[in-house]
Amino acid sequence: MIKHITTTPAKALEKLKAGNARYIDAMVNSEDISQAKRTDTLVNGQKPYAIIITCSDSRVIPENIL
């Protein structure tokens with residue numbers, strides 16, 4: 001049975017902002033990246049709560065895309 005986790009747009013944005021703050025502060029991510037977890041993801045798929053769309057042209061930063 002696949003368990004779906006739902007969230008509100010506001011909570012998703014809050015989670016993304018918190019992750020970005022950790023990235024900027026160069027904090028370590030303590031998530032499970034073991035072989036078992038990667039195999040589970042392969043078998044059961046991913047269920048992202050957000051999708052980030054950006055430009056594939058590395059010369060353009062996302063902030064400049066209108």
Side-chain angles (χ1 to χ4, degrees):
M1 179 178 191
I2 297 175
K3 180 181 176 184
H4 291 279
I5 300 172
T6 58
T7 189
T8 65
K11 287 181 182 178
L13 182 58
E14 182 180 312
K15 189 174 180 180
L16 290 168
K17 285 181 176 181
N20 189 59
R22 287 191 306 274
Y23 174 78
I24 289 172
D25 291 340
M27 295 179 66
V28 175
N29 183 350
S30 61
E31 294 294 321
D32 180 5
I33 59 169
S34 66
Q35 181 63 46
K37 181 66 174 178
R38 289 182 280 144
T39 300
D40 178 66
T41 300
L42 174 66
V43 171
N44 296 307
Q46 298 180 19
K47 297 150 203 82
Y49 65 92
I51 298 172
I52 306 299
I53 299 173
T54 188
C55 183
S56 63
D57 187 334
S58 62
R59 299 168 296 171
V60 179
I61 59 172
E63 292 83 356
N64 287 342
I65 300 172
L66 300 176

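Keep in mind that this is a model prediction, so the values were computed, not measured.
Under the rule for a side chain to side chain donor-acceptor pair (under 3.5 Å), the partners of D32 that lie at least two apart in sequence or sit in another chain are S34. Remark: T8 engages no residue in a side chain to side chain donor-acceptor pair (under 3.5 Å) (not counting sequence neighbours). Applying the side chain to side chain donor-acceptor pair (under 3.5 Å) rule to Q46 yields no partners; only residues at least two apart in sequence or on another chain are considered.
Residues L16 and A50 share a closest heavy-atom pair of CD1-CB, 3.8 Å.
To the nearest 0.5 angstrom, K17 atom NZ is 10.0 Å from N20 atom CG.
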